[in-house]
Amino acid sequence: MLDLKYVLANLDAVKQNCRDRNVSTEVLDDLDRMAVLEDERKTLLQQVESVRRRQNEVAQATGKEKDAEKRTELVAEGKRLKAEVAESEDRLKVLESELKSKLGRVPNMTHADAPRGATEDESRELRKWGTPRTFDFPAKDHVELGKALNLIDFESGAKVTGNGFYFLKNDAVLLDLALQQFAVKTLVAKGFQPIITPDLARNHILEGIGYNPRGPETQIYSLEDSDLSLIGTAEITLGGMHADEILEESVLPLKYVGVSHCFRTEAGAAGRASKGLYRVHQFTKVEMFAFTVATVEASSAMHQELLAIEEEIFSGLGVPFRVLDICSGDLGGPAYRKYDIEAWMPGRGENGEYGEVTSTSDCTDYQSRRLNIRYRPTGQKGTKFVHALNGTAIALSRALIAILENYQRSDGRVDVPEVLRPYVGKDVIG
RNA sequence: GGAGAGGUGGCUGAGUGGUCGAAAGCGGCGGUUUGCUAAACCGUUAAGGGUGUCACAGCCCUUCGGGGGUUCGAAUCCCCCCCUCUCCGCCA
């Protein structure tokens with residue numbers, strides 16, 4: 001969430017940002033209401049505090065008073081004050097929770113250079129890498145390849161778990177593990193600390209990161225009779241790792257590479273063009289996560305670093321891709337700026353299409369404010385909220401699509417990308 | 001899963017109804033000493049919020065795992081939850 005003081009002091013800019021971000025008009029109405037609520041809250045707070053002050057005085061005086069009669073009087077006053085303050089405190093709590101819930105719906109501000117626009121078509125293509133391959137034989141998509149080479153078993157996945165689940169088999173397993181190794185080793189060499197995170201997290205951690213575990217549109221599987229949910233990404237667990245902590249500035253930036261399973265209900269995604277591994281309920285992901293000091297310069301620089309690593313990984317794999325600077329209207333709530341990499345997928349659409357394989361977001365202090373992750377700037381008083389960034393190193397399901405489809409051979413088998421051969425242990429699979 | 005012991009500031013750790021936002025140590029910061037470093041010594045050092053100020057200062061409120069409760073008054077007593085440790089059980 002944003003800082004309420006910032007919101008109220010920059011109301012016009014925040015409103016314009018909400019329009020750029022394509023959020024519901026309800027949020028705009030809330031913004032006007034919030035100024036009123038905050039005034040009310042402050043007035044009430046001052047009232048409550050002055051009564052509490054008198055309460056404290058009375059309580060202290062009572063302890064010191066030796067005279068029984070005077071003591072009885074003080075106790076009586078204390079009782080009166082307690083009753084007096086109770087109602088105001090309740091109203092104060094109501095106001096605070098209303099403000100907090102309204103504030104939670106206001107999206108992060110947007111980087112000045114991010115393209116403004118309502119829909120994903122208005123995102124800006126920054127560059128392309130590689131040339132989509134032309135096939136001198138009928139190219140297959142990954143579903144056909146997976147079936148023909150006995151690599152991916154959607155039928156068993158549906159039987160055992162349901163639609164959207166799958167079994168990886170044989171060389172697909174080696175390829176999957178090879179990609180994880182490749183990604184983690186690449187990141188470790190760049191100073192990222194490797195982490196395997198839990199696949200479940202408490203709901204308040206999910207909420208802090210910006211996911212709503214409940215409601216009809218939720219992407220999140222939650223566990224009945226608990227406050228736990230299956231994570232949709234290791235961003236949740238890595239971000240939550242330092243919740244409620246005050247870090248020393250000297251430890252920043254913190255850079256993590258996390259491996260986890262990811263679970264998504266894909267509610268509301270039914271009917272959207274997707275087949276095979278592209279939109280599934282469970283996949284494995286190697287995720288980058290970083291905390292920096294609280295300046296846009298620091299987090300923007302880290303953001304570029306994360307993007308560069310993503311590009312390095314996909315160019316290393318030899319998969320053609322393009323880089324998008326995501327437009328304001330297509331940013332999620334916490335993101336200040338977001339870049340996607342879309343890899344060329346020959347089996348997608350009529351004659352191949354780019355499909356999203358990574359996404360990296362600079363969330364500035366939007367998540368850390370809610371998760372209460374601060375640092376102590378050296379030589380300064382007080383604390384600041386860290387900036388948090390995340391980015392996909394490899395999402396296994398989609399990376400498999402890109403590799404199978406781009407590296408297929410006329411004999412129906414699939415070449416293993418050069419960089420993965422040491423991990424897979426062979427040059428060709430299938 | 002059962003039994004017991006715990007959770008206190010950046011860290012370790014004292015504190016069992018008022019004089020406690022909280023001893024002591026460590027760490028941090030400032031200083032003295034010093035050729036430099038280290039050591040020693042002196043001082044200082046929680047967070048959030050309100051008010052106030054050009055900005056400081058000051059004054060006030062809240063916070064001792066989280067949430068409720070008892071009380072004029074709670075770190076301290078009671079209830080629920082979370083977590084940690086020890087022992088037992090179970091188990092990969």
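Only this structure's heavy atoms are used, side chains among them; waters, hydrogens and symmetry mates stay out. So that the names make sense, note that chain A is the first sequence line, chain B the second, and so on, each numbered from 1.
Of the candidate nucleotides B:G73, B:G10, B:G50, B:G10 has the atom nearest to the side chain of A:R376. The side chain of A:E248 lies closest to B:G10 when the candidates are B:G48, B:G49, B:G10. Listed candidates were B:C61, B:G68, B:G10. Nearest to the side chain of A:I246 is B:G10. Distance from the side chain of A:R202 is smallest to B:C83 among B:C72, B:G50, B:C83. Comparing B:C72, B:C61, B:U19 by their closest approach to the side chain of A:E49 singles out B:C61.
In this structure, A:H303 has its ring center closer than 6.0 angstrom to the ring center of A:Y339. Under the 6.0 Å cut-off for aromatic ring centres, A:F291 and A:F289 qualify, their centroids lying closer than that.
The base-pairing partner of B:C36, taking Watson-Crick or G-U wobble contacts with both distances under 3.5 Å, does not exist among the strands shown. Figure legend. B:C59 is base-paired to B:G50; pairs are counted as Watson-Crick or G-U wobble with both atom distances under 3.5 Å. With a 3.5 Å ceiling on both atom-pair distances, the Watson-Crick or G-U wobble partner of B:A3 is B:U86. Pair assignment for B:G25 gives B:C11, based on Watson-Crick or G-U wobble hydrogen-bonding distances that are each under 3.5 Å.
Separating the P atom of B:C60 from that of B:G52 is a span of 16 Å, rounded to the nearest Å. B:G10 sits 16 Å from B:C64 when the C1' atoms are compared, rounded to a whole Å. For the C1' atom pair drawn from B:G7 and B:G89, the interatomic distance equals 26 Å after rounding to whole Å. Using C1' as the reference atom, B:G49 and B:U32 are 39 Å apart when rounded to the nearest Å. Separating the P atom of B:C80 from that of B:A24 is a span of 37 Å, rounded to the nearest Å.
In this structure, CD of A:E38 is placed 7 Å from P of B:G50, rounded to the nearest angstrom. Atoms CG (A:D39) and P (B:G50) sit 12 Å apart, rounded to a whole Å. A straight line from CG of A:D90 to P of B:G67 spans 15 Å, rounded to a whole angstrom. Atom P of nucleotide B:U63 and atom CG of A:D244 are separated by 17 Å, given to the nearest angstrom. A:R369 has its CZ atom 10 Å from the P atom of B:G49, to the nearest Å. Put simply, CG on A:D365 is 14 Å from P on B:G48, counting in whole angstrom units.
If you check every strand for non-hydrogen atoms under 4.0 Å, A:T383 touches sugar and phosphate atoms only. Note on A:K42: only backbone sugar-phosphate atoms sit closer than 4.0 angstrom, heavy atoms only; bases stay farther off. Using a 4.0 Å heavy-atom cutoff across all strands shown, A:K93 reaches sugar-phosphate atoms only and no base atom. Looking at heavy-atom distances under 4.0 Å, A:L45 makes contact with sugar-phosphate atoms alone, never a base. Residue contacts shown for A:G78 are limited to sugar-phosphate atoms, with no base heavy atom under 4.0 Å away.
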Test log, rule ring-ring contact (aromatic ring centres under 6.0 Å, His included), inputs A:Y256 and A:H242 | CA-CA 12 Å; A:Y256 296 113; A:H242 292 290; 5.8 Å; yes
Quick one: do A:Y278 and A:R348 satisfy side chain to side chain contact (heavy atoms under 4.5 Å, CB included)? Show the steps, please.
-> CA-CA 10 Å; A:Y278 194 78; A:R348 202 169 150 76; 3.7 Å; yes
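Once rounded to the nearest 0.5 Å, the distance linking CE of A:M302 with OG1 of A:T360 reads 10.5 Å.
Residues A:N372 and A:R374 bring a donor and an acceptor atom of their side chains to less than 3.5 Å of each other.
Residue-to-nucleotide contacts include a donor-acceptor pair under 3.5 Å from the side chain of A:R71 to the base of B:G18.
Of the two residues contacting RNA chain B, namely A:E57 and A:T62, the nearest-nucleotide position lying further toward the 5' end is that of A:E57. The nearest heavy atom of RNA chain B to A:N56 and to A:A76 marks one nucleotide each, and the one closer to the 5' end goes with A:N56.
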